[in-house]
Amino acid sequence: MREPSTPPAESLLAWYDRHRRDLPWRAPPGARPDPYRVWLSEIMLQQTTVAAVAPRFAAFLARFPTVEALAAAPWEEVARAWAGLGYYARARNLHAAAKVVAEQGRFPEDAAGLRALPGVGDYTASAIAAIAFGRPEVPVDGNVERVVARLFAVEEPLPGAKPRLRALARRLGEEEAAKARPGDFAQALFDLGATVCTPRRPACTLCPCRVSCAGHRAGVAESLPRKAEKGLRPQRFGVVFWLEDAAGRVLLRRRPPAGLLGGMLELPGTPWREVRWGEAEAHEYAPAPVRWSNAGAVRHVFTHFALDLAVRVGRVERIGEALAVPRDEVLGAGLPGVMAKAAKAALSAAAVAEEAWVRASA
DNA sequence: AATTCGGGGAT
DNA sequence: ATCCCAGAATT
């Protein structure tokens with residue numbers, strides 16, 4: 001009878017106690033974390049890197065210190081605080097969920113209750129339940145899928161392998177060491193995936209679970225998990241208009257509440273289509289019948305299409321609409337990334353024009 | 001089961 | 001350039 005090696009969950013937790021990442025939303029070891037912070041961090045971290053979230057988490061928390069404060073805030077303030085983070089449905093759902101929690105007086109304390117909140121899916125419900133409330137859940141994110149696929153040498157490609165990977169993750173969580181510390185076990189899996197069991201060139205020599213890893217033993221760890229091939233990214237085109245009045249105010253508008261960039265600010269412009277816009281047809285969507293000059297174009301890549309956005313600038317004596325902001329405040333108004341790019345192009349073109357004017361007058 | 005949702009960092 | 005990220009909601 002061979003001596004059994006230390007089981008993976010126990011090894012992983014011992015490793016975590018020495019190598020855990022110190023992150024802004026994590027409570028000190030042994031302390032019970034604030035459910036509001038756990039929830040907020042989990043929503044921000046959906047498909048978003050730790051590096052991108054860290055500075056935004058602190059700023060958001062300073063602006064909305066409690067779930068009650070968030071629930072009481074107007075949408076415009078929430079949108080401004082989220083601008084640039086992407087996946088804006090997260091902000092809309094966050095706001096809606098805050099109202100539910102504030103109304104109920106507290107967060108649900110199990111996965112099923114959390115799952116009912118807007119913007120909380122299976123993964124996030126499990127993560128909050130484990131981390132904030134010590135429930136025996138194993139949240140399965142991209143990190144955990146990769147770690148588990150390698151530990152058990154799962155050759156089936158994603159996304160088809162998801163149910164199998166979830167079942168294997170649950171099996172890992174049934175080890176006594178994991179059940180004793182569900183939140184730490186979950187975060188240990190995250191940290192292992194982020195710092196050791198990385199997508200490319202995993203550091204298997206540093207891995208606490210190396211002796212248990214079927215993928216490593218078979219020499220295929222780095223090639224897992226396998227993934228189905230994805231299609232090509234289509235191209236779309238649009239035109240946006242930077243309309244400025246004599247007082248230096250710039251016309252903005254708010255997008256419809258659902259869909260792409262829903263509820264966020266933008267420069268007025270044409271729809272986005274698969275064919276480039278001609279000058280005349282684009283100007284049918286211009287916010288005013290003025291002479292438009294070309295301020296170049298910006299390119300932006302979304303998850304499922306690439307956008308080529310031509311930027312035109314024009315002037316009127318006075319903008320009547322309410323939603324106009326001073327040109328120096330446009331970039332601070334909370335524009336999504338693509339619109340911030342377009343605004344910078346317009347501001348840059350205006351600066352060039354100004355310089356030419358100064359040079360010509362000299 | 002497939003598609004629609006952003007943006008940035010690493011390679 | 002491609003890949004990936006503490007995924008969810010919709011169709």
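All chains are named by letter (A, B, ...) in the order of the sequence lines, taking the proteins before the strands, and each is independently numbered beginning at 1.
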Checklist entry - With sequence neighbours left out, which residue pairs that include part of residues 166-175 of chain A fulfil the side chain to side chain donor-acceptor pair (under 3.5 Å) condition? => result none
Checklist entry - In a check of side-chain contact (heavy atoms from CB on, under 4.5 Å) between A:Leu192 and each of A:Val147, A:Asn143, A:Val144, which one passes? => result A:Val147
Next on the checklist: According to side chain to side chain donor-acceptor pair (under 3.5 Å), who are the partners of A:Ser11, at least two apart in sequence or on a separate chain?
Outcome noted: none
Next on the checklist: What range of DNA chain C does chain A touch, first nucleotide to last, counting atoms under 4.0 Å from its heavy atoms?
Outcome noted: C:dC4 to C:dA9
Item to check | P atoms of C:dT11 and B:dG6, separation to the nearest Å | outcome: 15 Å
Next on the checklist: With rounding to the closest Å, how many angstrom separate the C1' atoms on B:dC5 and C:dC5?
Outcome noted: 15 Å
Checklist entry - Under 4.0 angstrom, heavy atoms only, what part of the nucleic acid is A:Ile43 near: base, sugar-phosphate, or nothing? => result nothing
Checklist outcome for this item: Scoring nucleotides 3-11 of chain B by protein non-hydrogen atoms under 4.0 Å (B base, S sugar-phosphate only, - none) yields -SBBB---S
Checklist outcome for this item: Between A:Arg21 and A:Asn93, whichever has its closest DNA chain C nucleotide further toward 5' is A:Arg21
Checklist outcome for this item: Across all chains, not counting sequence neighbours, the side chain to side chain donor-acceptor pair (under 3.5 Å) partners of A:Glu76 are none
Item to check | All pairs passing side chain to side chain donor-acceptor pair (under 3.5 Å) where residues 247-261 of chain A contributes a residue, at least two apart | outcome: A:Asp245-A:Arg249, A:Arg253-A:Glu266, A:Arg255-A:Glu266
Next on the checklist: Please give the distance between the P atoms of B:dG8 and C:dA9 as a whole number of Å.
Outcome noted: 24 Å
Checklist entry - Tell me the ring-ring contact (aromatic ring centres under 6.0 Å, His included) pairs involving residues 303-349 of chain A, sequence neighbours left out? => result A:Phe302-A:Phe305
Checklist entry - With a 4.0 Å cut-off on heavy atoms, is A:Trp82 in touch with a base, just the backbone sugar-phosphate, or nothing at all? => result nothing
Next on the checklist: For residues 96-105 of chain A, which residue pairs pass the side chain to side chain donor-acceptor pair (under 3.5 Å) check, not counting sequence neighbours?
Outcome noted: none
Next on the checklist: For A:Tyr36, give me all partners under side chain to side chain donor-acceptor pair (under 3.5 Å), at least two apart in sequence or on another chain.
Outcome noted: none
Item to check | DNA chain B contacts among residues 118-138 of chain A, heavy-atom distance under 4.0 Å | outcome: none
Next on the checklist: Taking salt bridge (Lys or Arg N to Asp or Glu O under 4.0 Å) as the definition, give me every residue that meets it alongside A:Arg37, ordered by chain and number, with sequence neighbours left out.
Outcome noted: A:Asp34
Checklist entry - Reckon A:Arg56 touches a base, only the sugar-phosphate, or nothing at all at heavy-atom distances under 4.0 Å? => result nothing
Next on the checklist: If I pick the P atom on B:dT11 and the same atom on C:dA6, what distance separates them, to the nearest angstrom?
Outcome noted: 14 Å
Checklist entry - From A:Leu172 CG over to A:Leu151 CG, what is the distance, rounded to the nearest 0.5 angstrom? => result 6.0 Å
Checklist entry - Who passes ring pair (Phe, Tyr, Trp, His ring centres under 6.0 Å) against A:Tyr87, sequence neighbours left out? => result none
